[in-house]
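Take a look at the structure below.
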Amino acid sequence: MAPTIAPVRTFTELPASTTVVIIGAGIIGLTAALTLAERKIPVVVLEKGRVGGEQSSRNLGWIRKTNRHAADLPMAQAADRLWAQMAERVGVDVGYRQAGIMFIARTEAQLAMHENWLKSVESVGLDSQLLSKQQIARHVPHGQGDWQGGIYTPSDGRAEPTLACSAIANAAIAKGAVILENCAVRGLTTSAGRVSGVVTERGELRCEQVLLAGGLWSRRLLGNHGVNLPTLPLTCSVLRTTPMEGPTDIAVGAPDFSFRKHIDGGFIITQRGKLDAFLTLDHALLGTRFLPQLKAQRDFLRISLGKHFFDDLKLGRRWRADSVSPFEKVRVQDPAANNELNNDALRNLSAAWPMFKNAQIAQAWAGTIDVTPDSNPVIGPVARLPGLALASGFSGHGFGTSPAAGQLAADLLSGHTPFIDPAPYRFERLA
Ligand SMILES: Cc1cc2nc3c(=O)[nH]c(=O)nc-3n(C[C@H](O)[C@H](O)[C@H](O)COP(=O)(O)OP(=O)(O)OC[C@H]3O[C@@H](n4cnc5c(N)ncnc54)[C@H](O)[C@@H]3O)c2cc1C
């Protein structure tokens, strides 16, 4: 069962016009809407299902700089500052805690990856540090694992995805944003060579600019307009325990499990070493673009061909604006949790920290991420469709950077000087 978010006071009437339309009420669309509303720019967010119903409420809540691409670090550092101010900004504690993140290595090869990453970001001046096995035991006591070492960033942290989604949505609404649920956008309208509105299942909405923040659906919507956004879906399973005593407040990632403390005193656990890759037509169409990633992650992926392939085909890739779109057919992408992977994670974790042998599972779920060939998102204009900007492809690590990503998207839409360099996120790099 997927996590649910606290109710949001959304609207039911579709306005006739606005300045900015945002497609998708995930954490990216919501943080962009909050920023625009704070700047008094009229904004309407259209969500095919529920606010935060897909990736944004299902993620682990890690807010990390550790192991990010160097080019992505300025955004992660800006996001840290924005998370620290979030409770004051939205008037609710969203569970942000700067409790640190640690990755631990079982083999020399795994440790070398962390060492190489640390060298590659030396000039950034992060507080990340390598740890010996003894230091790991001091930070995370009561363990029995045999670690080669690890890497630890005390200024990394976590927040609660469900609290963040509802609080940011409610704050955006309080500041003037309009959010509609169950309102799928079927496509874009253009006039004089520019995007001039959207067609929804409830009618048309005119606007000056559109931000597409549709997560794993952005590729399909753009595809219907002849634009190729190369993203592939991967599914990750998660479990939450009931409140229990744990070894640390630090979020810990090992090669075959991870855990972090939940605000209610339980733990969020996943099998870090495995993701489900349910093959779709897109894997065949885009596979070669992802070969370097596939080679590096071969052991991580559980590739399967079956029902998903045909379900995805049935959804269709071309439709007319006056007919039902794929977005109405799947209101909320809700994959079944892979209990085998979840049990694996809990078993591996219990072997390393035996206090987890008594863990009681309260909830299990899965979510599907949208991965680009270089694992970085696209945030910026789409040259072939003037008036459209994109904020998608967050590749499984967009919750942590979301306040900064949303602000960058809002800067680009409202003509502000971008508060961080948008160059690493240009769409054209994936052309
Ligand atoms: C299991 C899991 C664990 C993760 N762990 C972490 C983590 O620890 N840290 C981290 O930083 N990131 C993590 N992530 C990634 C993170 O959750 C995502 O990068 C982030 O939530 C992406 O937000 P989004 O708004 O782009 O996408 P989404 O949350 O998927 O939102 C997109 C929204 O757009 C809507 N939509 C799409 N098309 C249309 C349309 N045509 N009309 C109307 N609405 C539409 C969808 O219904 C959806 O609600 C994890 C993800 C998963 C699944």
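Whatever order the structure lists ligands and atoms in, that order sets their numbers, starting from 1.
- Remark: of the listed residues L36, T19, I41, L36 is the sole one forming a side chain to side chain contact (heavy atoms under 4.5 Å, CB included) with L413.
- If you look at ligand 1, the protein residues with a non-hydrogen atom under 4.0 Å away are I23, G24, G26, I27, I28, L46, E47, K48, E54, Q55, S56, R58, N59, L60, G61, W62, C183, A184, V185, A213, G214, G215, W217, L221, C236, V238, F327, G367, T368, I369, F394, G396, H397, G398, F399, G400.
- Results of the ring-ring contact (aromatic ring centres under 6.0 Å, His included) test with W62 over F399, F259, F103 single out F103 as the only residue that passes.
- Of the residues listed (D249, I263, I63), the one engaging R97 in a side chain to side chain contact (heavy atoms under 4.5 Å, CB included) is I263, and it is the only one.
- Ion pair D282/R289 not flagged as a salt bridge, since none of the NZ, NE, NH1 or NH2 atoms sits closer than 4.0 Å to an Asp/Glu carboxylate oxygen.
- Judged as a ring-ring contact (aromatic ring centres under 6.0 Å, His included), and not counting sequence neighbours, the contacts of H139 are Y152.
- Side-chain contact of K65 with S155: a donor-acceptor pair under 3.5 Å is present, judged by distance alone.
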